[in-house]
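Note that the coordinates shown come from a computational prediction; the quantities given were computed from them, not determined experimentally. Index from 1, following the sequence.
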Amino acid sequence: MLLLQQTTLAPKFLLFSKSDFSFKPCSSSLSTRLSFMDKYTKSSSLKQSQKQFQSPILACQASTDTHDTSFRKDDLPVHGVSEVIVGVLGGGQLGRMLCQAASEMAIKVIVLDPLTNCPASAIAYDHMVGSFDDSATVQEFAKRCGVLTVEIEHVDAATMEKLEQQGVDCQPKASTIRIIQDKYLQKVHFSRHGIPLPDFMQIDDLEGAKRAGDLFGYPLMLKSKRLAYDGRGNAVAKSEGELSSAVNALGGFDRGLYVEKWTPFVKELAVIVARGRDNSISCYPAVETIHKENICDVVKAPADIPWKIRKLATDAAHKAVSSLEGAGVFAVELFLTKDGQILLNEVAPRPHNSGHHTIESCYTSQFEQHLRAVLGLPLGDPSMKTPAAIMYNLLGEDEGEPGFHLAHQLIGRALNIQGASVHWYDKPEMRKQRKMGHITIAGPSMGIVEAQLKSMLKEEGSESQTAVTPRVGIIMGSDSDLPIMKDAARILTVFGVPHEVRIVSAHRTPEMMFSYALSAQDQGIQIIIAGAGGAAHLPGMVASLTPLPVIGVPVRASALDGMDSLLSIVQMPRGVPVATVAINNATNAGLLAVRMLGVGDTDLLARDAMENPSSLLEAVTVTGQLRFFYQLCFLFGARSSLDFVKIYEILCSILNGFDGPFSMPLWKTAARYGATKFDRLKDGATMLALTSNYSLRIPSSLVKIFDTDAGGSKPIAITFSSRIHGRDLCCEWQVNH
């Protein structure tokens with residue numbers, strides 16, 4: 001904030017005057033311009049400054065004076081990633097997000113937009129107020145730019161061609177803008193380059209429209225050639241009788257119309273394509289766009305389509321952009337038909353609504369990529385850094401303040417959603433169906449982010465906001481396998497990996513198995529551990545249905561000692577990979593799952609290094625939930641009337657307050673201590689070496705109590721000793737039996 005104090009005396013040393021320095025808009029009052037003075041000793045400047053200080057009413061606002069020749073902000077030295085000042089025709093939400101990306105690299109972006117408080121104005125390096133389709137204004141604006149680009153294609157292409165002839169660097173080229181502006185011309189262009197399109201033809205009168213109907217059938221899509229976006233400029237005639245009303249809805253034949261054969265698509269797709277100044281091309285993963293009332297409502301990234309379709313979409317987008325001129329980001333919108341065809345719908349020569357998710361979900365956002373491309377910087381990595389993302393457009397639900405209230409209610413719910421990012425465009429006026437912002441939710445699977453979106457759209461809270469999504473699915477053919485498979489669950493619990501345990505039989509419940517395998521990825525499962533005995537079909541059957549890694553655990557059955565299970569799993573045919581472990585070794589299956597997840601989870605990898613339970617595993621040889629303590633009991637000499645729960649409770653006391661028998665936190669603590677050695681001392685006591693600093697001494701009296709069923713109770717002293725910083729510490733617990 002700038003604070004000026006009113007005074008009647010001329011300042012001794014004047015830093016700036018009101019005439020030269022440009023401020024950003026922060027109010028609606030008239031523009032004020034200030035700049036640093038070159039000479040502070042000029043009496044005329046001092047007198048002028050004295051007058052200005054007497055009326056210190058300053059308003060920070062975008063400049064409306066396009067012919068000011070005083071010192072301007074863009075005359076200051078540039079020290080960002082690029083020294084070139086980027087001029088953007090248009091200052092809407094796309095311009096705003098371009099400015100946000102530019103600020104991260106200290107790239108200076110100035111915008112030309114007729115609205116004083118356009119979305120980009122508050123963030124742009126400078127904002128020139130004026131129309132981006134006015135030739136004189138655009139030419140004046142171009143003088144301040146090192147490179148000129150667009151955030152909206154509805155600009156004066158003729159002026160851009162003129163500027164290019166004068167040596168102005170326009171990206172993309174004016175020829176591309178001219179092609180894209182006219183959707184019919186766009187169709188002709190792409191058709192000539194062999195890109196698959198819906199059938200189309202120009203219509204000049206009603207008779208021509210009827211001929212098109214006879215040729216293409218109904219319903220028939222009528223479109224305006226120019227100024228068509230967000231559902232504007234499209235009309236559907238379901239029969240010949242509706243042609244006249246459709247034409248009138250589009251403003252008549254004088255507007256310039258054409259028709260397209262109706263495309264019975266199953267999905268609408270989009271591919272963001274970046275083209276560098278060196279003609280290098282980089283494509284983002286294909287996404288699915290879902291429209292409501294002809295306006296983009298939701299974008300799912302990546303699109304849930306087979307690899308073959310993904311490649312067809314990417315190839316078509318690559319070919320389309322290769323046929324155009326200039327650098328930048330392009331959005332290629334496509335139709336996927338029932339028979340698996342990819343047809344091009346239209347292309348936008350700029351960042352696009354279908355690419356907003358890239359801010360959170362990709363290594364390089366479409367906005368940073370556009371800046372890289374037009375400036376001649378190396379193109380960034382377009383791949384996704386999160387498995388799934390969904391973008392939801394915040395459209396105006398009502399006019400004025402009621403609309404703002406509804407939008408902010410939704411934003412409030414979004415802020416409670418894990419992985420959600422809110423983008424508010426700060427438009428001053430709320431209208432129905434106007435794009436006011438967007439919300440992107442990134443997560444481990446499309447099923448999870450879709451559930452989070454549904455939760456956000458509900459007016460009341462949903463349990464899914466706080467539910468923990470399992471990362472590992474543990475399945476088995478029968479509950480008789482549970483004593484073995486619980487070992488995998490125990491290891492996952494040690495490392496804090498959310499998991500689920502289900503009975504899914506390949507023989508008794510094949511439908512359930514199919515459903516589970518096909519939906520596991522969408523539900524957020526990343527690894528499946530499948531246990532089976534006998535023929536052991538479950539691991540292989542599941543692996544044939546899911547792209548997720550499957551770890552098979554051969555379970556020892558009554559016959560063949562588990563060898564049949566092991567051999568069944570390891571003999572899966574080529575193309576159906578299944579990892580496996582030793583017979584009954586679900587513990588290693590759990591550890592293998594932890595380490596596989598740790599490849600992309602540094603926190604989990606660090607815990608694996610710190611809490612590696614390999615030293616405990618030597619003691620874990622008997623089936624049961626707390627086999628570590630069974631081993632202790634045997635070391636104590638207990639062979640009859642073993643009171644397992646009482647030993648457990650004593651050790652709970654030693655390890656500082658766990659909450660009852662079979663509590664999983666105890667196992668985690670034991671893993672942390674890493675028991676390594678058991679010694680029977682001369683006095684009959686047992687010494688348990690936990691680490692180099694910690695040991696547990698259990699007296700012989702504890703052993704004796706398990707050799708008899710006699711009643712009564714007596715105190716038992718258990719000593720827990722430690723050596724920290726060279727000092728021996730000792731604590732005793734009195735435990736009554």
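Minimum interatomic distance between Gly91 and Asp113 (heavy atoms only, all atoms of both residues): N-OD2, 2.8 Å. Across Val576 and Ser544, no two heavy atoms sit closer than the pair CG1-N, 3.8 Å.
In this structure, the side chain to side chain contact (heavy atoms under 4.5 Å, CB included) partners of Lys292, at least two apart in sequence or on a different chain, are Asp297. Applying the salt bridge (charged side-chain N to carboxylate O under 4.0 Å, His left out) test to Asp315 and every residue at least two apart in sequence or in another chain returns Lys311. With sequence neighbours left out, Gln181 forms a side-chain hydrogen bond (donor to acceptor under 3.5 Å, both in side chains) with Arg226. Every side-chain hydrogen bond (donor to acceptor under 3.5 Å, both in side chains) that Arg277 has, sequence neighbours left out, goes to Asp169. Shown here are the side chain to side chain contact (heavy atoms under 4.5 Å, CB included) partners of Val422, two or more places apart in sequence or in another chain: Ile411, Ala414, Leu415, Ile439.
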I'd like a table of donor-acceptor pairs (distance under 3.5 Å, sequence neighbours excluded) in which one partner is a side-chain atom from residues 356-365, with atom names and distances.
from: His356; atom 1: ND1; to: His352; atom 2: O; distance (Å): 3.3
from: His356; atom 1: ND1; to: Gln366; atom 2: NE2; distance (Å): 3.3
from: His357; atom 1: ND1; to: Ser361; atom 2: OG; distance (Å): 2.7
from: Thr358; atom 1: OG1; to: Gly355; atom 2: O; distance (Å): 2.6
from: Thr358; atom 1: OG1; to: Gln366; atom 2: N; distance (Å): 2.9
from: Glu360; atom 1: OE2; to: His423; atom 2: NE2; distance (Å): 2.8
from: Ser361; atom 1: OG; to: His357; atom 2: O; distance (Å): 2.9
from: Thr364; atom 1: OG1; to: Asp381; atom 2: N; distance (Å): 3.0
from: Thr364; atom 1: OG1; to: Asp381; atom 2: O; distance (Å): 3.1
from: Ser365; atom 1: OG; to: Phe367; atom 2: N; distance (Å): 3.4
from: Ser365; atom 1: OG; to: Glu368; atom 2: N; distance (Å): 3.1

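Contact of the Phe335 side chain with the Leu269 side chain is not registered, since no non-hydrogen atoms from C-beta on lie closer than 4.5 Å. At least one side-chain heavy atom of Leu257 sits under 4.5 Å from a side-chain heavy atom of Ser224. Side-chain atoms of His189 and Gln186, non-hydrogen and from C-beta on, never get closer than 4.5 Å to each other. In this structure the side chain of Lys210 reaches within 4.5 angstrom of the side chain of Leu243, judged on heavy atoms. Side-chain contact between Ile203 and Leu222: present, with at least one pair of heavy atoms (C-beta onward) separated by less than 4.5 Å. Residues Val155 and Glu153 are not in side-chain contact: their nearest non-hydrogen atoms beyond the backbone lie 4.5 Å or more apart. Side-chain atoms of Thr337 and Leu343, non-hydrogen and from C-beta on, do get closer than 4.5 Å to each other. The closest side-chain heavy-atom distance from Ser280 to Leu379 is below 4.5 Å.
Counting only N and O atoms by type, the side chains of Ser131 and Asp134 include no donor and acceptor under 3.5 Å apart. Checking Ser121 against His127 by side-chain atom types alone, a donor-acceptor pair falls below 3.5 Å. One side chain, Asn353 or Asn393, offers a donor N or O that lies under 3.5 Å from an acceptor on the other.
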Subject >> Step-by-step ring pair (Phe, Tyr, Trp, His ring centres under 6.0 Å) determination, His408 to Trp424 >> reply: CA-CA 10 Å; His408 286 292; Trp424 183 248; 5.0 Å; yes
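Remark: Lys187 engages Glu260 in a salt bridge, criterion side-chain N to carboxylate O under 4.0 Å. No salt bridge links Lys432 with Glu399; every basic N to acidic carboxylate O contact stays at or beyond 4.0 Å. Salt-bridge formation is not detected for the pair Glu161/Lys173: no Lys NZ or Arg NE/NH1/NH2 atom is positioned less than 4.0 Å from an Asp or Glu carboxylate oxygen. Checked for salt-bridge contact, Glu429 and Arg431 meet the test: a charged N lies under 4.0 Å from a carboxylate O.
The local environment of CG in Asp339 is crowded, with over 12 non-hydrogen atoms from other residues, nucleotides or ligands closer than 6.0 Å. Atom CE of Met512 sits in a sparse spot, with 12 or fewer heavy atoms from other residues, nucleotides or ligands closer than 6.0 Å. Residue Lys385 places its NZ atom among more than 12 non-hydrogen atoms of other residues, nucleotides or ligands, all under 6.0 Å distant. In Lys162, the NZ atom is not crowded: 12 or fewer heavy atoms of neighbouring residues, nucleotides or ligands sit closer than 6.0 Å. In Phe253, the CZ atom is crowded: over 12 heavy atoms of neighbouring residues, nucleotides or ligands sit closer than 6.0 Å.
In this structure, Tyr184 and Phe200 have perpendicular ring planes: the angle between them is above 60°, well past the 30° mark.
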